[in-house]
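To start, the structure under review is shown below, and the notes come after it.
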Amino acid sequence: MSTGPSNKAAGGRYFEDFRIGERLVHATPHSVTSGHVALYSAIFGPRFAMQSADTFACAIGYPKSPVDDLLAFHIVFGKTVADISLNAVANLGYADCRFLEAVYPGDTLSASSQVIGLKENANRQSGVVCVRSQGCNQRGEIVIDYARWVMVRKRDADAPAPSAVVPQLPKAVEVDALGAACPRIERASYDLALAGSPVLWADYQVGEKIDHIDGVTVEEAEHQIATRLFQNNARVHFNQFSEGQGRLGRRLIYGGHVISLARSLSFNGLANAFHIAAINGGRHIAPLFAGDTVFAWSEILAREALLGRDDVGALRVRTIATKNRPCADFPYRDGDGYDPAVILDLDYWVLAPR
Amino acid sequence: MSTGPSNKAAGGRYFEDFRIGERLVHATPHSVTSGHVALYSAIFGPRFAMQSADTFACAIGYPKSPVDDLLAFHIVFGKTVADISLNAVANLGYADCRFLEAVYPGDTLSASSQVIGLKENANRQSGVVCVRSQGCNQRGEIVIDYARWVMVRKRDADAPAPSAVVPQLPKAVEVDALGAACPRIERASYDLALAGSPVLWADYQVGEKIDHIDGVTVEEAEHQIATRLFQNNARVHFNQFSEGQGRLGRRLIYGGHVISLARSLSFNGLANAFHIAAINGGRHIAPLFAGDTVFAWSEILAREALLGRDDVGALRVRTIATKNRPCADFPYRDGDGYDPAVILDLDYWVLAPR
Amino acid sequence: MSTGPSNKAAGGRYFEDFRIGERLVHATPHSVTSGHVALYSAIFGPRFAMQSADTFACAIGYPKSPVDDLLAFHIVFGKTVADISLNAVANLGYADCRFLEAVYPGDTLSASSQVIGLKENANRQSGVVCVRSQGCNQRGEIVIDYARWVMVRKRDADAPAPSAVVPQLPKAVEVDALGAACPRIERASYDLALAGSPVLWADYQVGEKIDHIDGVTVEEAEHQIATRLFQNNARVHFNQFSEGQGRLGRRLIYGGHVISLARSLSFNGLANAFHIAAINGGRHIAPLFAGDTVFAWSEILAREALLGRDDVGALRVRTIATKNRPCADFPYRDGDGYDPAVILDLDYWVLAPR
């Protein structure tokens, strides 16, 4: 009978633990409630009418307000962390993310992933893992489907490397693939005064740049509370004792926190862009720390009609978030790289009434 | 086709943008849920039994626990900010605020305002805007009705001033106007042990002063979380980058935060004053910052029976909140002005069982 | 007619105010909602599948997910504070705590206590009060029953001391008394992948020690938000103005906060120990302050079958929490006392599927 140290606590998977094609069922399904919605509101401050008021959602054709698209995303993402990225060096990006079903309070979300890419780094200390992850509701319907790259440490630099597999992923989600999670909107019942803006889909011009003006300062308690709500247990977000001794000296804020802040700030200029239909690509350019103030601006990259729908149209948007730098002059590239204030470069599709 | 800066993000209205009599429908109706109630509890710490326990509320005649009166107030107030006070210099006060319908989890609140007063300041840099605002539920019933003065910057000092209109508002809400939101209470089922105090309406004496004893220190994360829950987007509460360069050098805490803290502290001494029926007037005397500790004391200004009701009576209360100063000696006036520790002077009517 | 200072605000009971055998009905029953569950999740980060997902709970035999056992405990405990421990010097410990009914969102909890022990300290400045407290739901069913010792100040050192009564309490809850709050589990439907671990009751060995690996740093806003959610109004947790002048110079974090953090950390190694059936004893060894990082490890003290049940078995666990010290080497005793990093020594029974 063993007495003494146990191996029952999991330290997370390392690069050499992943196999191409393997499927991972992630732990801890999670029931989303109005409690999550209130907390999401309180931490990120979204003001899109459709997610805020059941009356508004019902008027335009939803059974009630769905939860914020990004709340559903963060919960699904959070489940993947324990299996995929507990030993990550860096979260490299997302691609081909589609929102396929609206999520409502009362739904239970679970997640699974398949390994679709593996490539050891030249230094043999780590490698890039690419997974396709899916979030499902309690009826087994896929609500979110996305690909993600992450750089994961090796346990043992000498462990043999798998053959490199680099998946081909689309630069952007096709317009035809948008809108599955959005029922036909009763356009006549969409109240622009209650929504906060008269600006419709057709009013946006390709190339138009919108400064979202406001800034929001992030506190340690806020990002910890949000990230735990998502059951994301990545260590770098919570443990000042160890992070204080690390490279950054600080707890690192979950990248998704920045995405949600930027989306909420974008209400000022994109108030009627009520649904994120897809994320084409997202990159965390620089880390965010507590005490920093986040600003954001957006550029309209494309404006596309949806086949067979005259109720809503799609806008492809690039939203750039910065820290400690207002965005009146739209900071973005700086020579070959990014302006040093940029922390997020997000390319996504939103739907807005026509 | 325009490419480049957009004018779709709103910078808020300035003094010269307001017209006497104009009606503003505010954006983003909001469904109030048990999530809001839990967060309100967690941030402010109220312990009034009627709002805390469905069983207690049902026993005395409510269908279930309504939400805290001030939670409803803050949500309604929050909607007015984007249209009224985004460019405010100072929030000058409230008057004639009546709570007309109980608000329950599941209700959706919306808000509108009418401009009832305008007066440019002598320096022509700003002016006082007075609005009457109303919050409605999903059935169109007015739940809260109040007047508010705010000093708003001018965009252009040379813009012509409107004729001055100064509305006449009552110094206090009439006793006859109280109680609409409170059903007839089953007095025999009002359990004083569960409510936390044997002290009834008739036990209070006019002129009696009550030190609420406890103090509560406010953190940045707390006031930001609460103020965002109310969808109040006033910039001074959230943006340390810009506020750090401003006059105060700090984020300013939403004045309503102080009102809710003072109300929660007042449980110790006013445990059976379970409903705020009206706010006669409220003034924010000095700003509150994170790290400050709030104390409060109350004076009974009047004790009045309600016509035709022997279940509950009304108490007119002045609650004074201070920062970093206990209230055992009831700090209030200091010569012509206020004691320097005073931050709030609130005059309101509460109902308590007889 | 009195005008002037009132005695309506309560300063809390002192040692000489307690009488052996007296029964205290505590104020402010509280309805527990999905809002509380979301906040508890967001503050403490539990990942046990049964409390996280209604689908998981239903599959194994619950009507839906009950709330975390410790959330129910903290709410019941919180109600006792105003009557028992407002003038406490120290919270000495718990014993014989049994969880007797599952608590679900929608339930309303109330609490009462009986004084079962009193012993003045030799210095006559304070004394030990021992109470047995019970939490009930809206049907009057006892959901939690526990004993607690607390050292309470005397108002007047010269007040006469009661005869000393020291209750006999069991060192541990009997195995036969476990399991009342846990329905028969559909073992075949208990999905180990979704639960996050293949380790079952029989896999644990007596004497086995598990390092839960992760650490979590606590912020002032977090513990204040949680402790207010529990309506625990002990002054030491909230008032920096007075605590800053006190012995510790800091707000003291509610001991229950540490218990919940340690329980959540213990998921990594005890993922299938889904229910706390009893707490045999709990001692807060040292105070925790904001900014500290909490770690935890556990030892299996006993593994016992439950009479007549082949679905779940009981594990007696000692969980030790430390501050600012990882637990890979299982810090515990240090000579006659505790390792200086230890802040909690908790001895409890959990149930896990067989």
Side-chain angles (χ1 to χ4, degrees), chain A residues 33-39 41-49 52-57 64-65 105 191 193-197 199 203-217 219-222 225 264 267-271 291-293 295 298 300 323-326 328 330, chain B residues 1-12 24-40 42-43 78-79 82-83 86 105-110 112 137-138 219-222 224-233 235 237-244 251 290:
Chain A
T33 70
S34 55
H36 296 71
V37 173
L39 259 169
S41 254
I43 299 283
F44 298 111
R47 291 183 289 140
F48 297 93
S52 176
D54 285 328
T55 50
F56 192 96
K64 60 181 173 180
S65 286
D191 185 319
L194 293 181
S197 166
V199 181
D203 299 323
Y204 290 93
Q205 304 302 323
V206 174
E208 187 172 357
K209 293 177 176 178
I210 306 165
D211 172 17
H212 301 306
I213 302 178
D214 294 319
V216 57
T217 306
E219 301 294 322
E220 297 282 13
E222 292 174 348
I225 284 172
S264 294
F267 174 83
N268 196 357
L270 287 163
D292 288 337
T293 301
F295 295 85
S298 296
I300 306 301
K323 62 178 177 188
N324 307 322
R325 178 168 183 334
F330 311 114
Chain B
M1 193 178 86
S2 114
T3 60
S6 157
N7 59 359
K8 293 186 172 65
L24 300 159
V25 174
H26 303 303
T28 313
H30 198 49
S31 296
V32 186
T33 70
S34 55
H36 296 73
V37 174
L39 259 168
Y40 188 89
I43 299 284
K79 315 221 148 313
D83 294 321
L86 215 52
D107 284 353
T108 298
L109 299 180
S110 56
S112 62
N137 65 20
Q138 69 280 8
E219 300 294 322
E220 297 282 14
E222 292 174 349
Q224 293 197 147
I225 285 172
T227 307
R228 269 188 301 244
L229 181 68
F230 310 143
Q231 298 184 316
N232 177 333
N233 66 319
R235 290 156 185 166
H237 308 319
F238 301 111
N239 186 332
Q240 182 58 37
F241 180 83
S242 60
E243 296 309 309
R251 277 164 281 177

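Letters A, B, ... are given to chains in the order of the sequence lines, protein chains preceding strands, and every chain is numbered from 1.
Between B/Asn239 atom CG and A/Asp214 atom CG the span is 7.5 Å, to the nearest 0.5 Å. One distance of note links NE2 of B/His30 with OG of A/Ser41; it measures 4.5 Å at 0.5 Å rounding. A/Gln205 contributes atom CD, which lies 6.5 Å from atom NZ of B/Lys8 (distance to the nearest 0.5 angstrom). Here A/Arg47 contributes atom CZ and B/Asn232 contributes atom CG; the two are 9.5 Å apart, rounded to the nearest 0.5 Å. To the nearest 0.5 Å, the span separating NE2 on B/His237 from OG1 on A/Thr217 amounts to 13.0 Å.
With chain A as partner, the option from B/Thr108, B/Asp83, B/Leu109 having the largest number of non-hydrogen pairs under 4.5 angstrom is B/Thr108. The choice from B/Thr33, B/Leu24, B/Val32, B/Val37 that makes the most heavy-atom pairs within less than 4.5 Å of chain A is B/Thr33. Most heavy-atom pairs under 4.5 Å with chain A, from the set B/Glu243, B/Arg251, B/Glu220, B/His26: that is B/Arg251. Residue with the most contacts toward chain B among A/Lys64, A/Glu219, A/Arg325: A/Glu219 (heavy-atom pairs, distance under 4.5 Å). Options A/Ala42, A/Ala271, A/Ala49 differ in how many heavy-atom pairs under 4.5 Å they form with chain B, and the most are formed by A/Ala42.
When heavy atoms are compared at a cutoff of 4.5 Å, A/Ala195 approaches chain B solely by way of its backbone atoms N, CA, C and O. The contact between A/Ser34 and chain B is made by backbone and side chain atoms together, counting heavy-atom distances below 4.5 Å. B/Ile225 touches chain A through backbone and side chain together, each having a heavy atom under 4.5 Å away. When heavy atoms are compared at a cutoff of 4.5 Å, B/Ala10 approaches chain A by way of both its backbone and its side chain. Using a 4.5 Å cut-off between heavy atoms, A/Asp203 contacts chain B through both its backbone and its side chain. Heavy-atom distances place no part of B/Ser242 under 4.5 Å from chain A, backbone and side chain included. Proximity to chain A involves both the backbone and the side chain of B/His36, based on heavy atoms less than 4.5 angstrom apart. Of the atoms belonging to A/Val216, heavy atoms from both backbone and side chain fall under 4.5 Å from chain B. If you measure heavy-atom distances from A/Asp211 to chain B, the contacts under 4.5 Å come from the backbone alone.
Proximity of a side-chain donor or acceptor of A/Thr55 to a complementary backbone N or O of B/Gln138 within less than 3.5 Å is not detected. B/Gln231 contributes a side-chain N or O that, together with a main-chain N or O of A/Pro46, makes up a donor-acceptor pair within less than 3.5 Å. Judged by distance alone, the side chain of A/Thr293 and the main-chain N or O of B/Phe241 form a donor-acceptor pair under 3.5 Å.
With sequence neighbours excluded, the residues forming a side chain to side chain contact (heavy atoms under 4.5 Å, CB included) with B/Ala226 are B/Ile43, B/Phe44, B/Phe230, B/His257, listed by chain and number.
Across all non-hydrogen atoms, the minimal contact from B/Thr28 to A/Ser52 is CG2-OG, 3.5 Å. A pairwise comparison of heavy atoms in A/Leu194 and B/Val25 identifies CD2-CG1, 4.0 Å as the closest pair. Contact record, A/Ala53 with B/Pro29: CB-O, 3.3 Å, taken as the closest heavy-atom pair.
With hydrogens and angles left out, the side-chain atoms of B/Gln224 and A/Glu222 include a donor and acceptor closer than 3.5 Å.
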